[in-house]
Amino acid sequence: MSAGRLDFATHQSTQFVDLTDRIRDEVERSGLRTGRVHLQSLHTTVGLAVNENEPLLHRDFQTMLERIAPTGAGYEHDDFTRRFDIAVDEPVNGHAHCRQLLLSAFLTLLVEDGRLVLGRWQSVFAVELDGPRHRELALQLEGEFARPRRNEMPESLVEVELTRQLMVDPDPIAAPMRRLVEAGGKRLRPKLVQLTAGIGPRNDPLRAAELAAAVELLHNATLIHDDYVDESTHRRGRPTVAAAEGPERAIAVGDYYFAKATRLIAEMGNPAVTSQVAQALEAICASQIDDVALRGAYPGDRESYLRVIRGKTASLFAAACASGALLSEATPEVVGALRRYGDLLGTAFQMADDMVDFSPSSGKPVGLDIRQRVLSLPLIYAAEDREVGPEVRRLLEGALGDAEVGRVTELVTASGALPRVRKEADALIEEAVRELESVELDGLRPVLVGLARSAVDRTS
Amino acid sequence: MSVQLLDRELDRLEGLWSDGLSEAYRDYLDAVQRFDPDLQPRLALAAALIELGIRLQGLGGRAAPPTTLLVGDLCLARGSRILADNAPLAVQVAFAKAVESMSTAAASEQPAPPVRSLLRLSLEAEG
């Protein structure tokens with residue numbers, strides 16, 4: 001069942017308003033395949049009719065209505081001296097009420113194969129009998145609706161859910177988060193939730209969107225605290241919450257959405273899903289501590305780097321994949337394979353993200369990670385390089401002004417570190433793809449493979 | 001609480017045990033008597049970690065320095081994970097709502113109820 005309202009304005013006292021195209025749009029939007037559309041006039045001087053859209057015919061109808069119920073023919077309804085509780089602007093419209101009696105206030109139209117069933121010359125009209133006015137019709141669609149195809153992600157559902165959640169929160173909390181969410185982001189984690197939630201037998205797009213939105217809120221909450229820790233001034237082209245509103249507000253907003261996202265997930269009533277996400281959140285927080293600790297030995301080594309990014313980035317990718325699959329009641333084998341896929345994808349994604357810092361065409365400021373001493377695999381490889389390594393290490397030990405950051409960027413680019421990281425990220429993606437080969441994914445494998453490959457293709 | 005459980009759940013947070021965590025833990029033990037004996041130490045530890053996490057972060061007061069904030073975040077996350085794995089749904093939801101209300105008060109620069117009384121109340125939540 002789907003329901004709504006159709007509103008329209010009229011400009012003449014009697015007017016035939018053709019609503020056929022608007023009803024067709026409603027049918028298409030709703031996905032109704034076979035069933036009925038019910039229309040009901042919400043007014044006593046608007047009728048409904050199915051007839052031909054031909055202007056001269058409309059004049060004939062109008063003449064007929066005028067003949068049967070002429071304007072100003074001494075209707076008792078228009079004798080205000082005999083009526084009670086009449087509004088100051090009560091119209092003299094007995095004729096319009098009488099004419100409405102000749103029409104209908106209700107209409108049912110049939111839908112077959114997703115199309116409104118109408119004869120060649122038939123159109124659907126609202127007949128205004130006492131205009132001009134703003135009018136409203138109630139609309140209900142019932143029957144068999146098309147289920148979203150599993151490979152088609154209703155991404156808008158996540159955006160609607162995010163908007164809905166942010167709308168109900170108190171403004172001092174919601175406004176900074178709304179700015180961050182509206183600024184964009186790739187929404188990879190919610191996409192993974194939605195995709196994997198379509199794999200098991202319990203495929204419920206609305207529940208999947210709720211989980212996906214909660215995961216995205218959780219991710220954004222971690223970013224808000226990260227930005228304070230990293231002293232970042234901008235994210236997604238806008239001032240960070242800490243920079244715009246101060247660290248106290250940033251901590252409060254981050255905490256609120258940690259808690260709220262956790263609650264929304266718990267309230268879905270699937271303990272395995274709650275546990276997956278809670279474990280990921282713990283891994284993220286533990287890795288943040290490691291990340292900051294490693295900055296003392298900047299740029300660090302590959303092993304430490306991998307440990308940090310698996311916790312900081314890959315854990316939520318893995319949890320997104322596993323929790324979506326768990327929500328759809330997929331088999332443990334499928335959940336396990338998707339969890340490993342998410343872990344490998346998240347690791348590769350972070351490596352690709354590191355490379356963006358050295359790409360002038362990425363749209364992000366080059367060298368920002370270096371300036372903020374963020375762990376970065378290209379930098380680790382460049383620092384280990386026999387030729388450029390000594391200079392990179394020497395520069396990183398000192399203060400990092402524009403000149404030093406520029407020079408480090410040049411050295412990393414010249415060292416061959418970037419192709420090496422790219423190759424490593426590609427190998428992880430291929431490994432992630434192999435994880436999908438051993439399990440039945442109900443036709444979703446190509447989508448997951450495509451998403452994985454595009455996630456690391458981010459340098460341009 | 002078994003030594004193994006304590007060791008595992010205090011990984012990276014060992015220093016906090018003598019810095020307020022053990023006192024809070026003992027106090028919450030008193031508030032978890034209605035639960036299965038096996039769950040009592042876990043739930044008391046979860047509550048103590050969440051309380052300490054909020055204090056370390058400086059929520060509602062002056063913001064903690066970044067490194068302290070991260071330790072506070074880990075306390076909150078670990079407390080939440082222990083709740084997710086052990087607490088009834090009503091208790092999980094009550095804890096989350098308690099943190100939401102404290103965060104809202106902090107963001108609005110309004111006074112919040114004392115953390116401990118709010119969390120003790122959350123432990124009493126029933127579905």
Side-chain angles (χ1 to χ4, degrees), chain A residues 169-177 218 221-222 225-231 241-242 245-269 271-293 295, chain B residues 8-9 11-13 46 49-50 53-110 112 115 122 127:
Chain A
D169 293 334
D171 207 48
I173 289 286
M177 180 57 100
L218 196 61
T222 67
H225 280 198
D226 269 9
D227 287 338
Y228 166 51
V229 171
D230 293 341
E231 297 177 16
V241 179
E245 315 223 14
E248 283 79 13
R249 178 69 63 89
I251 290 171
V253 175
D255 276 4
Y256 182 91
Y257 285 102
F258 277 140
K260 176 165 179 167
T262 304
R263 174 172 60 80
L264 291 173
I265 293 167
E267 285 173 340
M268 297 186 83
V273 170
T274 311
S275 184
Q276 284 286 333
V277 181
Q279 283 175 36
L281 182 58
E282 188 181 357
I284 291 169
C285 294
S287 300
Q288 289 281 42
I289 294 176
D290 287 344
D291 185 6
V292 171
R295 291 179 196 180
Chain B
R8 192 171 65 245
E9 299 299 14
D11 180 38
R12 293 162 194 253
L13 301 172
L49 282 167
I50 290 172
I54 285 167
R55 290 214 173 123
L56 285 170
Q57 292 177 330
L59 182 68
R62 190 178 175 152
T67 48
T68 312
L69 172 69
L70 293 179
V71 177
D73 283 355
L74 180 57
C75 286
L76 272 183
R78 187 160 299 164
S80 297
R81 195 260 303 149
I82 296 173
L83 287 176
D85 289 343
N86 298 286
L89 177 59
V91 172
Q92 292 178 46
V93 169
F95 266 84
K97 284 187 173 170
V99 176
E100 287 172 45
S101 70
M102 286 185 273
S103 309
T104 303
S108 316
E109 296 175 16
Q110 300 290 319
V115 180
S122 302

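Hydrogens, waters and symmetry mates are skipped; everything else that's a heavy atom, side chains included, is used. So you know, we letter chains A, B, ... as the sequences are listed, proteins then strands, and number each from 1.
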Out of B:Glu100, B:Arg81, B:Gln92, B:Lys97, which one racks up the most heavy-atom pairs below 4.5 Å with chain A? B:Glu100
Checked B:Leu13, B:Leu76, B:Leu74 vs chain A; the most non-hydrogen pairs under 4.5 Å come from B:Leu74
I'd like to verify something: which residue of B:Gly61, B:Ala63, B:Gly60 has the highest number of heavy-atom pairs under 4.5 Å with chain A? B:Ala63
When A:Ile173, A:Leu264, A:Leu218 are each screened for side-chain contact (heavy atoms from CB on, under 4.5 Å) with A:Tyr257, the one that passes is A:Ile173
B:Ser122 versus B:Ala94, closest heavy-atom pair with distance: OG-O, 3.4 Å
Could you have a look at A:Thr274, A:Asp171, A:Ile251 and say which one has the most heavy-atom pairs with chain B under 4.5 angstrom? A:Ile251
Is A:Arg249 reaching over with its side chain to a backbone N or O of B:Ala107, donor-acceptor style, under 3.5 angstrom? yes
Does A:Val241 reach the side chain of A:Asp227, with side-chain heavy atoms less than 4.5 Å apart? no
In this structure, SG of B:Cys75 is separated from CD of B:Gln57 (nearest 0.5 Å) by 8.5 Å
Which bit of B:Arg78 comes within less than 4.5 Å of chain A, counting heavy atoms only: side chain, backbone, both or neither? both
Would you compute the distance between atom CD1 of A:Ile289 and atom CZ of B:Arg12 and round it to the nearest 0.5 angstrom? 6.5 Å
Quick one: what part of A:Val292 sits under 4.5 Å from any heavy atom of chain B, side chain, backbone, both or neither? side chain
Kindly give the heavy-atom pair with the smallest separation between B:Ala77 and A:Cys285, and that separation in Å. CB-SG, 3.8 Å
Please classify the contact between B:Ala64 and chain A as side chain, backbone, both or neither, with a heavy-atom cut-off of under 4.5 Å. backbone
In Å, rounded to the nearest 0.5 Å, how long is the span from OG1 of B:Thr67 to CG of B:Leu56? 10.5 Å
Part of A:Pro271 lying under 4.5 Å from any heavy atom of chain B: neither
Against chain B, label A:Tyr256 side chain, backbone, both or neither, depending on which of its atoms sit under 4.5 Å from a heavy atom there. both
Examine whether an atom of B:Thr104 lies under 4.5 Å from a heavy atom of chain A, and if so say whether it belongs to the side chain, the backbone or both; otherwise answer neither. both
Shorter than 4.5 Å, heavy atoms on both sides: which option in B:Leu59, B:Val71, B:Leu83 has the most such pairs with chain A? B:Leu59
Spacing of A:Gln276 atom CD and A:Ile265 atom CD1 [to the nearest 0.5 Å]: 11.0 Å
Could you have a look at A:Pro247, A:Ala286, A:Ser275, A:Pro170 and say which one has the most heavy-atom pairs with chain B under 4.5 angstrom? A:Ala286
Structural part of B:Asp73 lying under 4.5 Å from a heavy atom of chain A: both
